[in-house]
2 protein chains.
Amino acid sequence: MKQRSSIIGSVEALPHRVASHLSREIEGGDIIPGARLPTESQLADKFGVSRNVVREAIAQLRADGMIEARQGVGAFVMAPEQRTAIRIDREALKDQRNMEQLFELRSILETESATLAAARCTSDDLDAIKAALDRMGGEERWEDGSIEADLLFHRAIARATGNGYIYTFISFVCEQIRQSIHYARLTNPLHDLVEVNVAEHVRIYDALAAHDPQAAGEGMRRHIDGAASRVGVELTAKINRGK
Amino acid sequence: MKQRSSIIGSVEALPHRVASHLSREIEGGDIIPGARLPTESQLADKFGVSRNVVREAIAQLRADGMIEARQGVGAFVMAPEQRTAIRIDREALKDQRNMEQLFELRSILETESATLAAARCTSDDLDAIKAALDRMGGEERWEDGSIEADLLFHRAIARATGNGYIYTFISFVCEQIRQSIHYARLTNPLHDLVEVNVAEHVRIYDALAAHDPQAAGEGMRRHIDGAASRVGVELTAKINRGK
DNA sequence: ATCATACGGTCATCCTACAACTTCGGCAAG
DNA sequence: CTTGCCGAAGTTGTAGGATGACCGTATGAT
């Protein structure tokens, strides 16, 4: 009798579902910043779960700085500006417009990443980048290992900047894009474009090896544009990008 | 008898302390990615807390993708690349080197933010930016409202890019910097530099109003450099930044 | 040798109880 | 009427135990 009926069949754990529900309510503006949430008991009743599950859900939101709990008073919604963590809703990326924006952000980060890396990279860094490049070219199939090698290539460049935050941010953004694209790829094979992709990477690597910041940045910018269009995302507003 | 002795005097809640401890152990490499954590009961004993507290701590780490729990098996630490959230350790920012790197990231994001905003901003956007600018100039004291207005200015620009992710990332990075600097400011007053700061903002605003992307980007880049040096952070490696 | 089953370990959830804290109202002293 | 104390009620924080669901492995039958 303990395990209550799941109401809605779902593989997700209860705390995560409660957290997502509350998160959407907050993001959607149903609860304005500064307002108090219902008590844990009320939420437990509302969702049909135990208070314990509600507490775990709130613990997650609290860690993100989305809500703040004060003992003896209640839990309050925080202003969206003072979040202590960035989290990207993967559901939202099904919207083409959001995907475009994420690619634009990636373009900014990676272009500058390549520029910095060209000026700073050591021979060890170059070796790591080259290794990823070789592994990518070695795979004739697009599917499995190729994508991993692709990510490895970009991360190796980010690491070569010597800036840990740049590495973290780029890894994060790329991973979000990868997972969003993963299953969407099944619709269009686009294997024939692998050579184009590899060629773009080679171009970037050459610029890095030559320690030519401008060429590296330019090569990366074009590569991201190309990668975006290859998955059906057009980076509009190319204005003010040139130079 | 229930409330156990806190062992270490701390105002932080128990789950947060446990989560921080585990997080440090993972970041520090004490636990290799893929390895299994001790069971919840063992952790509860180890930290001298109830299993409930351990679960809340793990819930936080799980939300970040730092660990993955499989029912009936155990909890495993994930590779740092596939985190689902970005979180910046504020303690680490006490290290000058990390602060420099964060400023460098901010410089990248904000420079491009200003560039894009110059090309895309509407009159409404400009009004919002101008309002923040006026509010900043209105305050003769540096302390309280001035900093808020400063952040508002930068966020307004980020919003004018029309890219929600850029807004989110910039808000996040700026907030981290602000809170890290907050108390460190007490040592050096530096009130006399307020005019310089405002002047830099005016220069950026003028470029935005003129819809001059290059001037806006350049103005922002210089402003971040100036802001960094004003709090004692020197952005070295200005290489490859010009042009 | 292969497959089905039983078993122990672990996470997931629930429940109750209590401690710590805040808020608010009543009540008495000034 | 104002002020200050104090206790009741409500809320979050923590403890601890019980049970269900799930996984991996060992055991035993075929």
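In what follows, every chain begins at residue 1, and chains take the letters A, B, ... in the order their sequences are listed. Just so we're clear, the structure is a prediction, and the values are computed from it rather than from any experiment.
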Using whole Å, report how far [atom1] of [X] lies from [atom2] of [N].
| X | N | atom1 | atom2 | result |
| --- | --- | --- | --- | --- |
| B:Ile67 | C:dT10 | CD1 | P | 16 Å |
| A:His16 | C:dT13 | NE2 | C1' | 17 Å |
| B:Gln60 | D:dG13 | CD | P | 11 Å |
| B:Phe47 | D:dT14 | CZ | P | 14 Å |
| A:Glu56 | C:dC14 | CD | C1' | 12 Å |
| B:Leu43 | C:dT10 | CG | P | 11 Å |
| A:Gln42 | D:dT11 | CD | P | 6 Å |
| A:Phe76 | C:dC21 | CZ | C1' | 13 Å |

Would B:Arg17 pass as a cation-pi partner of B:Phe47, given that its NZ or CZ must be under 6.0 Å from the six-membered ring centre and within 45 degrees of the axis?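 Because its charged atom misses either the 6.0 Å distance or the 45° angle limit, B:Arg17 does not stack over B:Phe47.
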
Along DNA chain C (nearest heavy atom to each residue), the more 5'-positioned of A:Val53 and B:Arg36: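 This one resolves to B:Arg36.
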
Does CZ in A:Arg87 sit with more than 12 non-hydrogen atoms of other residues, nucleotides or ligands closer than 6.0 Å?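 Atom CZ in A:Arg87 is crowded, with more than 12 foreign heavy atoms closer than 6.0 Å.
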
Donor/acceptor link under 3.5 angstrom from [X] side chain onto base of [N]:
| X | N | value |
| --- | --- | --- |
| B:Arg70 | C:dA12 | no |
| B:Arg51 | D:dG17 | no |
| B:Asn52 | D:dG16 | yes |

For C:dT10 and B:Arg55 - does any side-chain N or O of the residue sit under 4.0 Å from the phosphate oxygens OP1/OP2?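 Answer no for this pair, as no side-chain N or O of B:Arg55 is under 4.0 Å from OP1 or OP2.
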
Within less than 4.0 Å of OP1 or OP2 of C:dC14, is there a side-chain N or O belonging to A:Ser50?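 For A:Ser50, the contact criterion (side-chain N or O under 4.0 Å from OP1 or OP2 of C:dC14) is met.
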
Parallel under 30°, tilted from 30 to 60°, perpendicular over 60°: which one fits the rings of B:Phe169 and A:Phe169?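 Rings of B:Phe169 and A:Phe169: perpendicular, over 60°.
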
What orientation do A:His201 and A:Phe153 show, parallel under 30°, tilted 30 to 60°, or perpendicular over 60°?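 Rings of A:His201 and A:Phe153: perpendicular, as their planes differ by over 60°.
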
Any B:Leu43 side-chain heavy atom under 4.5 Å of B:Arg51 side chain: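 No, too far: nothing below the 4.5 Å cut-off.
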
Of all the nucleotides listed (C:dT13, C:dT23, D:dG20), which has the minimum atom distance to the side chain of B:Gln71?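 In terms of side-chain proximity for B:Gln71, the closest of C:dT13, C:dT23, D:dG20 is D:dG20.
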
Nucleotide of C:dT22, D:dC23, C:dA12 approaching B:Glu40 most closely (side-chain heavy atoms):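 Closest nucleotide among those given: C:dA12.
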
